[in-house]
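Here's the structure, in structure tokens; my notes come after.
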Amino acid sequence: MILIVDDNQNNIYSLKKLLESKDFQVDTAESGEQALVKALKNNYALIILDVQMPGMDGFEVAESFAGYSKTKDIPIIFLSAVNTEKQFITRGYESGGIDYVTKPIDPEILLLKVKTFYNLQENNIAMRRSQQSLELEVQGRREAQVTMRSEIDHFHLMLEALPQIAFTLDADGAVTFVNSKWYEYSVSEKVFPVAHQDDHSILMEFERCRKNKRALQLEIRIKNIKTGEFRYHLLRMSPVFDGKSIKNWVGTFTDIDDQKKVEKEKDEFLSIASHELKTPLTSIKAYMQLLERKLRTNEENAEVNYVSKALSQVEKLNSLITDLLDVSKIDNGKLKINKKRGNLENVINNAIDTIIQTHDDKVKISRHGFIPDIEIPFDEIRIEQVLINFLTNAIKYSPENNQVIVTTFVDETQVRVSVTDFGIGIPDFKQDAVFKKFYRVEESSLQFQGMGIGLYICSEIIKQHDGTIGLSSVVEEGSTFYFTLPLN
Ligand code: ADP
């Protein structure tokens, strides 16, 4: 909008008409005072100012405009009576655009100047606006940076307070932060702690995980700088994602050395105890078998019944101790597998027969699937042990339903054997854990007896056959445990 300032109404009228005919928006003021009030309130792109006015003359008005930030940059075209006045025009008004037109006004010249100033001012305003928005953005970014910095500081403070060694890495794996615990195991921020020569290489394992974009979890011994002692730590490194790519990594070493020592002592105790128990138990079993045979010679002997029951309890005790011995063999890497080519179907049938003989008539085991008439390399005794374990569990954990199905499936590379029951089932999130040593599902552990080692031994036996083991299960509906063995 353009402001015309003139004390003469006629002049205002004719100028207004002229400008409006060229589509300019126009406002008017009849004195310098009024012009100042209006200019402070509204936004004008240009002011056309008569020099000779009663009260404040044009120069004084221009000087006042120069004193306010809002008005100081508005361009002014003075209307002056004579050419000589032009030397006063720049007085006190240096920053804004300025020009003059002498009276009587030549409309064409005036319009030309108005257009030039008007466009200039519009451009100026647009530039100022974009500068303002740029400044706002810069300020916003600066504030965001400050917030981020304080969040990082907070995060580092938290890592510092941890009892573990904690560190962060950038996307390429370079160390960006370590807490003070780090220096108990490393001489420099840039160097990872030294791992025991018999353990995995931290950097190689990390590189593998970085390529697969997966977290790393590793039990590893690292060397304490002061004592020189290697202590077991659980190393965890988790990627922090930004969309699909990794932004950085957060890692911890947790000292598990004491826990490891206790575990080792417990394993040693189990190993010794089960060995020592096994010898007298084998003698007891042999003497009881002799006694049973002797008593059986006389049909009417009631004691034979008692001895049979005692023998079956001795048998249970024997199998518990055998399992414990197996666990200690696994722990010491001494569980031996004797693979020979043999018929798997015979082993499956033997296992089913054993279960039927040792359980009451209510148990029903049906055989489904393709019966594999092939010979494969496997340890018959150990695979039978796995099957008996699956079948015993299927019956034990199905108190309301005695139906069990054994299914086999063969393809070009492997044979798969599964045992399905319709029992209590296992919750989703506990299914992986059932193959761990001494793990028992909490919900059922009180109702059913057991030590939680059967499936651990099974998984080790199958692992040594280069096979796979697993399960699918639905709570209250039942479970299917399976294993696969390679054909060659
Ligand atoms: P145990 O039966 O002696 O406890 P296992 O190692 O054989 O030990 O099994 C581990 C746990 O897995 C069991 O304690 C039980 O909670 C669960 N489990 C195993 N088999 C089944 C099954 N067929 N149905 C439901 N839960 C099962």
Side-chain angles (χ1 to χ4, degrees), residues 263 266-267 270 273-274 277 312-313 315-331 335 348 351-352 354-356 358-360 362-369 381-408 416-465 467-484:
E263 244 173 58
K266 186 197 69 199
D267 289 346
L270 272 182
S274 43
L277 287 170
S312 90
Q313 293 303 319
E315 200 48 64
K316 275 190 190 162
L317 197 56
N318 192 39
S319 89
L320 283 178
I321 292 171
T322 309
D323 277 357
L324 280 176
L325 264 175
D326 278 348
V327 169
S328 73
K329 279 183 198 159
I330 294 170
D331 292 339
L335 185 83
I348 295 173
I352 294 175
T354 310
I355 294 294
I356 287 174
T358 48
H359 289 78
D360 56 31
K362 282 186 227 142
V363 172
K364 296 256 174 316
I365 304 178
S366 25
R367 185 74 182 78
H368 285 199
I381 296 171
R382 289 297 184 186
I383 293 298
E384 189 173 320
Q385 184 182 351
V386 173
L387 278 162
I388 288 179
N389 218 309
F390 278 11
L391 288 166
T392 314
N393 279 352
I395 295 161
K396 181 161 78 169
Y397 295 105
S398 309
E400 310 284 331
N401 188 320
N402 291 315
Q403 183 74 19
V404 178
I405 302 170
V406 178
T407 314
T408 39
R416 178 189 159 108
V417 185
S418 55
V419 174
T420 301
D421 65 59
F422 303 91
I424 59 168
I426 302 168
D428 260 2
F429 61 101
K430 298 197 167 167
Q431 291 179 5
D432 284 344
V434 295
F435 297 107
K436 285 191 184 148
K437 190 164 53 169
F438 299 119
Y439 181 84
R440 308 202 67 221
V441 176
E442 221 177 283
E443 290 86 338
S444 52
S445 59
L446 287 178
Q447 196 187 341
F448 305 96
Q449 283 185 342
M451 287 200 292
I453 51 177
L455 290 178
Y456 170 66
I457 298 169
C458 292
S459 77
E460 204 54 39
I461 292 172
I462 298 299
K463 211 190 283 170
Q464 292 212 29
H465 277 83
T468 56
I469 193 166
L471 76 146
S472 58
S473 182
V474 177
V475 173
E476 306 278 331
E477 285 186 22
S479 315
T480 296
F481 280 82
Y482 71 84
F483 66 83
T484 64

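What you see is a predicted model; the values in this text were computed from it and never measured. Order of listing sets the numbers, starting from 1, for every ligand and every atom in it.
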Whether Ser445 lies under 4.0 Å from ligand 1, heavy atom: no
OG1-CD1 distance between Thr407 and Ile348, expressed to the nearest 0.5 angstrom: 10.0 Å
Side chain to side chain contact (heavy atoms under 4.5 Å, CB included) between Tyr397 and Ile426, worked out: CA-CA 10 Å; Tyr397 295 105; Ile426 302 168; over 6 Å; no
Chi angles and distances behind the salt bridge (Lys or Arg N to Asp or Glu O under 4.0 Å) call for Lys463, Glu460: CA-CA 5 Å; Lys463 211 190 283 170; Glu460 204 54 39; 3.5 Å; yes
Atom 10 (C) of ligand 1: the protein heavy-atom neighbour that sits closest, reported with distance to 0.1 Å: Tyr439 O, 3.4 Å
Minimum-distance protein heavy atom relative to atom 9 (O) of ligand 1: Leu455 CD1, 3.5 Å
Those atoms of ligand 1 less than 4.0 Å from some heavy atom in Gly454: 5 (P), 6 (O), 7 (O)
For atom 12 (O) of ligand 1, the protein heavy atom that lies nearest, with its residue and separation: Val434 CG1, 3.4 Å
Whether over 12 other heavy atoms sit under 6.0 Å from Ile381 CD1: no
Closest non-hydrogen atom pair, Ile457 against Asp323: CD1-O, 3.4 Å
Any Ser444 heavy atom less than 4.0 Å to ligand 1: yes
Arg382 vs Asp326, salt bridge (Lys or Arg N to Asp or Glu O under 4.0 Å): CA-CA, chis, key distance, verdict: CA-CA 11 Å; Arg382 289 297 184 186; Asp326 278 348; 3.0 Å; yes
Close N or O approach (Gly450, ligand 1; < 3.5 Å): no
Whether Phe390 and Phe481 hold their rings parallel, tilted or perpendicular, with breakpoints at 30° and 60°: tilted
Whether Lys430 lies under 4.0 Å from ligand 1, heavy atom: no
Atom 24 (N) of ligand 1 - nearest protein heavy atom and its distance: Tyr397 CB, 3.3 Å
Gly425 N/O under 3.5 Å from ligand 1 N/O: no
NZ/Lys316: more than 12 non-hydrogen atoms of other groups inside 6.0 Å: no
CG on Leu455 to NZ on Lys437, rounded to 0.5 Å: 15.0 Å
Part of Ile453 within contact of ligand 1 (heavy atoms, under 4.0 Å): backbone
Nearest non-hydrogen protein atom, atom 7 (O) of ligand 1: Asn393 ND2, 2.8 Å
Donor-acceptor contact present, side-chain Arg416 to main-chain Thr468, <3.5 Å: no
Residue and atom name of the nearest protein heavy atom (relative to atom 8 (O) of ligand 1), distance in Å to one decimal: Gly452 CA, 3.1 Å
Spatial distance of atom CD (Gln447) from atom CD (Gln449) [nearest 0.5 Å]: 11.5 Å
Distance from atom 23 (N) of ligand 1 to nearest protein heavy atom, with residue and atom: Asp421 OD2, 2.9 Å
Polar proximity ligand 1 side, Met451 side, N/O cut 3.5 Å exclusive: yes
Which segment of Val441 sits under 4.0 Å of ligand 1 when only heavy atoms are counted: both
Protein residue, atom and distance nearest to atom 4 (O) of ligand 1, heavy-atom basis: Arg440 NE, 2.5 Å
Test item: Ser459 side-chain N/O and Tyr456 main-chain N/O as donor-acceptor pair under 3.5 Å: yes
Per-residue contact class, Lys396 against ligand 1 - non-hydrogen pairs under 4.0 Å: side chain
Close approach, Phe481 and ligand 1, non-hydrogen under 4.0 angstrom: yes
